[in-house]
Amino acid sequence: MLPVGRGEEKGCFGAMASGETHLGDREAAEGQSLSSDTYLPKLLEGLQNLRSQNALCDVVLEAEGASFPAHKAILAVGSGYCKMRFAREAASQATPLKLAPPVTARGLQGVLSFLYSNRLELTLQTVEEVFRAAEALLVREVMCLAFRFLEGALDRHTCLPILCLAQRLGPEELRLKVQRWVGKHCGHLLKDPVQLKELDRATLCEILDGGDTRGLSELQLFQAAICWLDHNGSRQEDAAQVLGYIRFPFIPLPDLQRFVQETPVMRTVPACRRYLREALDYHGQPYAQPLLQSEGARVRHRNERLMVLGGRSADNAICGDVWAADQHCHSWTAIGKLSGPLYNHCVAVLHDFVFVMGGQESFDPTGQEPSKKGLP
């Protein structure tokens, strides 16, 4: 039996005395299951010291030519692969366990450090290497911690690298979560040329199709798509697919003629020429627009807002302004004009179009000057 120093003896029994914990006769007779708060950290520290000192090691792992001495018992507990491998080997065998790419020395070192210390050090630069090593060794705790790390590191600056990692590593749940995050915060991505050019085609198409692009005009979305296409000559073959998600009819006619029509790809790619022609036809038939509905003319975001169209002011002036309130009706923004001043009219909303019917074009307190116009 090893002698116990006086200081340790006092510390153990002193803690019991200070806590005023006493066992009743019944509890003392039945016994208790006790655990130490210090033993587990001490055990891990001791195992780590043994490995760092190459003491009692009975197996060597190799990756990229680097060797890592370790203990079979520790590896068998933490790694399903090592457990199966060692069970097939004779007890006397001590052949090195060589791990082929994509396992790297840095990744293997990270996994071994976790097995011996319960601590995993990760960065965006090392997480894939550590995950690949954990995947090869079937250390599921490290794989789960790697996914947790990626989820926690998600922000506007890291979302694209993490999306690429999630697409390569999985699982599907993480990939979908990152994609939703990118779609929700895609506004700054489309405004940043550096990040925009790093997008892959599928992600860009998902953003243009269903991302939260509020705050960006359709012309800005078109310009972002052209910026992405022009970054690499090989991307030009994706022009028809990428630009197919642009709502060209919602680009004002002057901008269509000045910016869109003069873009080379809109003249050289047949599908893009068709997009432009359909948009010009849409603007050329304003009163037929409710009948010219297509996927390209679908409203992106439906936000209910209170609108005021025309009306009469306090001094009996008739106006044709169109105003829209913010979400809480705290402020108003002028968004356009009717074809002329009007009041005492009727308004209806049908299939995302506002129809104005009847009313008076000039002030008449008797209401005897009705308008026969219908304004979509």
Side-chain angles (χ1 to χ4, degrees), residues 159-160 163-164 166-167 175-176 178-303 336 350-353 376:
C159 59
L160 291 185
L163 178 60
C164 293
Q167 289 172 336
R175 186 184 66 81
L176 292 176
V178 179
Q179 283 183 333
R180 286 193 297 268
W181 199 97
V182 170
K184 186 177 180 181
H185 301 84
C186 63
H188 73 273
L189 296 177
L190 297 179
K191 292 178 182 177
D192 184 346
V194 175
Q195 289 188 302
L196 171 62
K197 293 170 184 178
E198 293 178 359
L199 291 171
D200 61 90
R201 184 195 63 206
T203 301
L204 176 61
C205 289
E206 288 177 5
I207 289 175
L208 294 176
D209 183 38
D212 187 358
T213 57
R214 282 173 289 193
L216 294 174
S217 68
E218 207 64 37
L219 178 61
Q220 288 175 306
L221 295 179
F222 168 77
Q223 291 170 333
I226 293 298
C227 178
W228 185 87
L229 291 169
D230 289 343
H231 176 63
N232 189 320
S234 63
R235 292 179 175 179
Q236 294 298 314
E237 62 187 27
D238 299 322
Q241 180 181 2
V242 171
L243 294 178
Y245 293 100
I246 302 298
R247 313 288 201 265
F248 287 100
F250 294 149
I251 299 177
L253 182 58
D255 291 337
L256 271 175
Q257 296 169 332
R258 180 180 178 185
F259 300 109
V260 178
Q261 194 167 0
E262 298 304 316
T263 303
V265 71
M266 301 303 295
R267 299 195 299 267
T268 58
V269 178
C272 296
R273 288 201 304 268
R274 186 178 72 254
Y275 301 152
L276 178 60
R277 184 173 61 253
E278 291 174 353
L280 292 173
D281 291 344
Y282 188 87
H283 284 283
Q285 306 176 68
Y287 294 107
Q289 287 177 2
L291 303 177
L292 300 177
Q293 292 304 291
S294 65
E295 186 66 20
R298 179 170 54 87
V299 175
R300 285 189 179 274
H301 306 289
R302 285 181 169 80
N303 296 316
L350 183 63
H351 299 309
D352 298 319
F353 282 85

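Heads up: numbering here begins at 1 and tracks the sequence. Since we're looking at a predicted model, the values are computed, not measured.
- The ring pair (Phe, Tyr, Trp, His ring centres under 6.0 Å) contacts involving residues 196-215 comprise nothing, where partners must be two or more places apart or lie in separate chains.
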Would you give me the side-chain donor-acceptor pairs under 3.5 Å for residues 270-282, sequence neighbours excluded?
unit_1: Arg273; atom_1: NH1; unit_2: Arg267; atom_2: O; d: 3.0
unit_1: Tyr275; atom_1: OH; unit_2: Ala240; atom_2: O; d: 2.9

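- Identified under the ring pair (Phe, Tyr, Trp, His ring centres under 6.0 Å) test for residues 195-220, with sequence neighbours left out: none.
- Between Met266 and Leu243 there is a side-chain heavy-atom pair separated by less than 4.5 Å.
- Residues Leu199 and Ile207 have side chains in contact (heavy-atom distance under 4.5 Å, counting atoms from C-beta outward).
- At a threshold of 4.5 Å between non-hydrogen side-chain atoms, the residues Leu350 and Phe353 do not count as touching.
- A 4.5 Å side-chain heavy-atom check between Gln257 and Glu262 finds every atom pair outside the cut-off.
- Evaluation of the salt bridge (charged side-chain N to carboxylate O under 4.0 Å, His left out) test over residues 230-253, restricted to residues two or more places apart or in two chains, returns Arg201-Asp238.
- Applying the salt bridge (charged side-chain N to carboxylate O under 4.0 Å, His left out) test to residues at least two apart or on different chains, the pairs with a partner in residues 215-226 are Glu218-Arg300.
- With values rounded to the nearest 0.5 angstrom, Ile251 atom CD1 is found 8.5 Å from Leu221 atom CG.
- Within the 6.0 Å centre-distance limit, the rings of Phe222 and Phe248 are counted as a close aromatic pair.
- Applying the ring-ring contact (aromatic ring centres under 6.0 Å, His included) rule to His185 yields the partners Trp181; only residues at least two apart in sequence or on another chain are considered.
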